[in-house]
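Basis for what follows: all heavy atoms, side chains included, without hydrogens, waters or symmetry-related copies. Keep in mind that what you see is a predicted model, and the values were worked out from it rather than measured. Letters go in sequence order (proteins before strands), and every chain restarts at 1.
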Amino acid sequence: MPSRRPVRPHRGRPTPRPPTDSMQDALLKALESAVSNLGVPAGEIRLERPKDADHGDFTTNVAMTLARPLGRSPRDIAQDIRSALDGVSGLSRVEVAGPGFLNFYLDADTVGDVLRRIRKRGDEYGRSDVGHGAAIMVEFVSANPTGPLHLGHGRQAALGDGIAALLEWTGWVVHREFYFNDAGKQMEKLAHSIWVRYQQALGEEASLPDDAYQGAYIQELADSFRAEHGDGFRGDDSAEVLRKMERHAVAVLRAEQVRDLEGFGVHFDEWFRESSLYDDGRVDATVEALGATGLTYEEDGALWLKTTEFGDQKDRVMRKSDGSATYFLPDVAYHLTKWERGFTHVINVQGSDHHGTVDRVRAGLQALGKPPGYPEYVLHQMVTVERGGQEVRFSKRAGSYATMGELVEQVGVDVARYFFLMRRPEAHLSFDLDVALDQSDKNPVYKVQYAHARMCSIFARAAEAGILATNAEADPSLLTDGAERELLNQLAEFPELVERAARDRAPHVVCDYLERTAGMVNSWYHGGNPSRNPELAVLVDDPALRAARLALADGIRIVLRNGLGLLGVSSPERMDRRVDE
RNA sequence: GUCCCCGUAGCUCAGGUGGAUAGAGCGACUGCCUCCUAAGCAGUAGGCCGCAGGUUCGAGUCCUGCCGGGGACACCA
């Protein structure tokens, strides 16, 4: 492994509203006032950062949106707005461009002001308070205790934790919860599978039914049970013995799951057991409550709920004719506890194969008076692993699928987390091992980490040269190079980007941002190679320019570190090549 | 059959609330470096954004219909 100082993601602290980009605010105000003089109610004015640096530091399409209500040409309106913006300080010029965009160009010092904001806030830069400290629950992973965590769980762990971190960064107080089904049929199946392997180990005739758990881990569980409890259960399939085996299996498997998750840097605030819903009578209470709504009926000996009343495709069985509950019932009971525990905001992260349950759980909750969209769902697609362009299955242990632990062992936590996050949840994720194991800039994780390490190395070098860097009062208006200016705007965008990523529950947006930023950083850094362009190096002779560039390097370092930390990825100060292949 | 997701460069994927010339990485190709600051650097090529309609001043983005891929449709979880 590269030697690295692990940087814990900053978590759990709601922060006050940060000092915003005052230029952005001032410009928006000036625009609002200019537009209000045009005689039509303006909707929300959007001040955007153009993707093309030639289009200024900010841009707006407001003139175009006003063209229809005003019955005038967009460019004409833009001209009017433009002339009303004289005297906004920090603004060097305004251009009307294209079909009617207003492009704003700022003074170098105003653009550079972002460095003061970043360095003032440090580790907190990028945090905001749109959540106002409200409580929100993210439920994720929620694997059954019937086997090891597989790749899909890995993606879900990264995704749920990433969404949780994004919410924390935007001012929510987040509760991470893991729900596991330790009741019902699959538990019996698990116990029976182990029982069969146990009997076989003792030389008894026994065979696994087709629907039993097959993986090699079942054999291991049978072995460890035998080691712990001995050989005294030959041919004994009493409920008591099966229960013993079940308890043993659940304990072992859960411990393994916890170990995998902890090793992955994912920690839960609460592990919620399905069986507890039966133990404390919540399942029965839910049946009663639903019955009281008048939306239930009996048919074929089963008890149904009219979920179609709330948009479900068909009505659902709550209690089977044999008297036992379907999973639907504890699911509703479980979500009621979420509400009752004060979580009126809940996000469930699940595999898209569960999408069929969304409508019915919501319907059950709606029948009991909860709001229609409760809870919110983020459904993600599957993960496949590829190497050399071929799909690989490298698990010896789990049978047909690869485990999360094996993958993390191969590629490391940073790479695994990043790769799981870098695609939109609803897109298939193809995990390319060739790229994941590459340690150059080709690997997006390393690319970003290298960019961070490069900035750190500048400070190390400056320290060697006896240059005091961080306390220098830098004048950012000296950063006039195109690459520098672009970087400044890129850094300024970070807080807005975190807000958007949180709002959209989309950690991949952060990955995308970090890779773009790292690309700019690496190019800026290489451009200042002392043997080629000594005048573009950070550590130039001119003390003022040097201080300004060091401030930029510092700003970059902070933003990359904050961004990586948010994703649960470390920010090493130096990268040492791993040779232990 | 019904419902959900996806379809963007050879491959893997980004593309805010509809805006300017559709981007990145890998791969390919062309230069350069072997000095230095990091296991390279700089650049080029590559696109009917699945197809067809529609809405709009403007559509990869919104609507409808088709085609293709994946998933879900139990008194299983």
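Within the shown strands, nothing qualifies as a pairing partner of B:rA9 under the Watson-Crick or G-U definition with both distances less than 3.5 Å. Across all strands shown, nothing is found opposite B:rG16 as a Watson-Crick or G-U wobble partner with both distances under 3.5 Å. For B:rC75, there is no paired nucleotide, since no Watson-Crick or G-U wobble pair has both relevant distances below 3.5 Å. Base-pair partner of B:rC36: not found among the strands shown (Watson-Crick or G-U wobble, both distances under 3.5 Å). B:rU64 is paired with B:rA52 under the Watson-Crick or G-U wobble criterion, all donor-acceptor distances under 3.5 Å. Across the strands present, B:rG46 finds no partner; the criterion is a Watson-Crick or G-U wobble pair with both atom distances under 3.5 angstrom.
Side-chain atoms of A:Y450 come within donor-acceptor range of the base of B:rA39, with a qualifying N/O pair under 3.5 Å. For a distance-only test at 3.5 Å, the side chain of A:N529 qualifies as a donor-acceptor partner of the base of B:rC36. If you check distances only, the side chain of A:T357 never reaches the base of B:rA72 with a donor-acceptor pair under 3.5 Å. For A:D54 against B:rA20, a side-chain-to-base donor-acceptor contact under 3.5 Å is absent.
Comparing the same atom, C1', in B:rA20 and in B:rA28 gives a spacing of 31 Å after rounding to whole Å. B:rU61 and B:rC6 have their P atoms separated by 13 Å, with the value rounded to a whole Å. If you take atom P in B:rU2 and the same atom in B:rG23, they sit 39 Å apart, rounded to whole Å. Only the C1' atoms considered, B:rU8 is 8 Å distant from B:rG47, to the nearest whole Å. If you take atom C1' in B:rU17 and the same atom in B:rC51, they sit 28 Å apart, rounded to whole Å.
With A:V385 as the fixed residue, the side chain to side chain contact (heavy atoms under 4.5 Å, CB included) test singles out one of A:V411, A:L433, A:D432: A:L433. Checked against A:Y179 for a side chain to side chain contact (heavy atoms under 4.5 Å, CB included), the options A:R273, A:K338, A:E139 give a single hit: A:E139.
At whole-Å resolution of the value, OH in A:Y213 and P in B:rA77 are 11 Å apart. At whole-Å resolution of the value, CZ in A:R500 and P in B:rU17 are 8 Å apart. A:E188 has its CD atom 10 Å from the P atom of B:rA77, to the nearest Å. To the nearest angstrom, C1' of B:rA22 lies 14 Å from CG of A:D512. As rounded to whole Å, 11 Å separates atom P of B:rA77 from atom CZ of A:R360. Atom P of nucleotide B:rU12 and atom CG of A:D438 are separated by 19 Å, given to the nearest angstrom.
Here the nucleotide nearest the side chain of A:K320, chosen from B:rC75, B:rC41, B:rG25, is B:rC75.
Nearer to the 5' terminus of RNA chain B, by closest-nucleotide assignment, is the contact made by A:K442 (compared with the other of A:K442 and A:A183). The nearest heavy atom of RNA chain B to A:K185 and to A:S523 marks one nucleotide each, and the one closer to the 5' end goes with A:S523.
Between A:H452 and A:P572 the shortest heavy-atom distance is ND1-O, 2.9 Å. When every heavy atom of A:A436 is checked against every heavy atom of A:F431, the shortest pair comes out as CB-CE2, 3.6 Å.
With a 4.5 Å cut-off on side-chain heavy atoms, A:L167 and A:R505 count as touching.
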Q.
Across nucleotides 3-10 of chain B, 5' to 3', mark each nucleotide with B, S or - according to how protein heavy atoms within less than 4.0 Å reach it.
A. BSSS----

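Taking side-chain N and O atoms only, A:H508 has a distance below 4.0 Å to OP1 or OP2 of B:rG15. Taking side-chain N and O atoms only, A:K51 has a distance below 4.0 Å to OP1 or OP2 of B:rA20.
The salt bridge (charged side-chain N to carboxylate O under 4.0 Å, His left out) pairs that include a residue from residues 315-331 of chain A are A:D312-A:R316, where partners are two or more places apart or lie in different chains.
Between the side chain of A:Q186 and the backbone N or O of A:N181 there is at least one donor-acceptor pair closer than 3.5 Å.
Using a 4.0 Å heavy-atom criterion, one finds that A:G528 contacts the bases of the nucleic acid, with or without backbone contacts as well.
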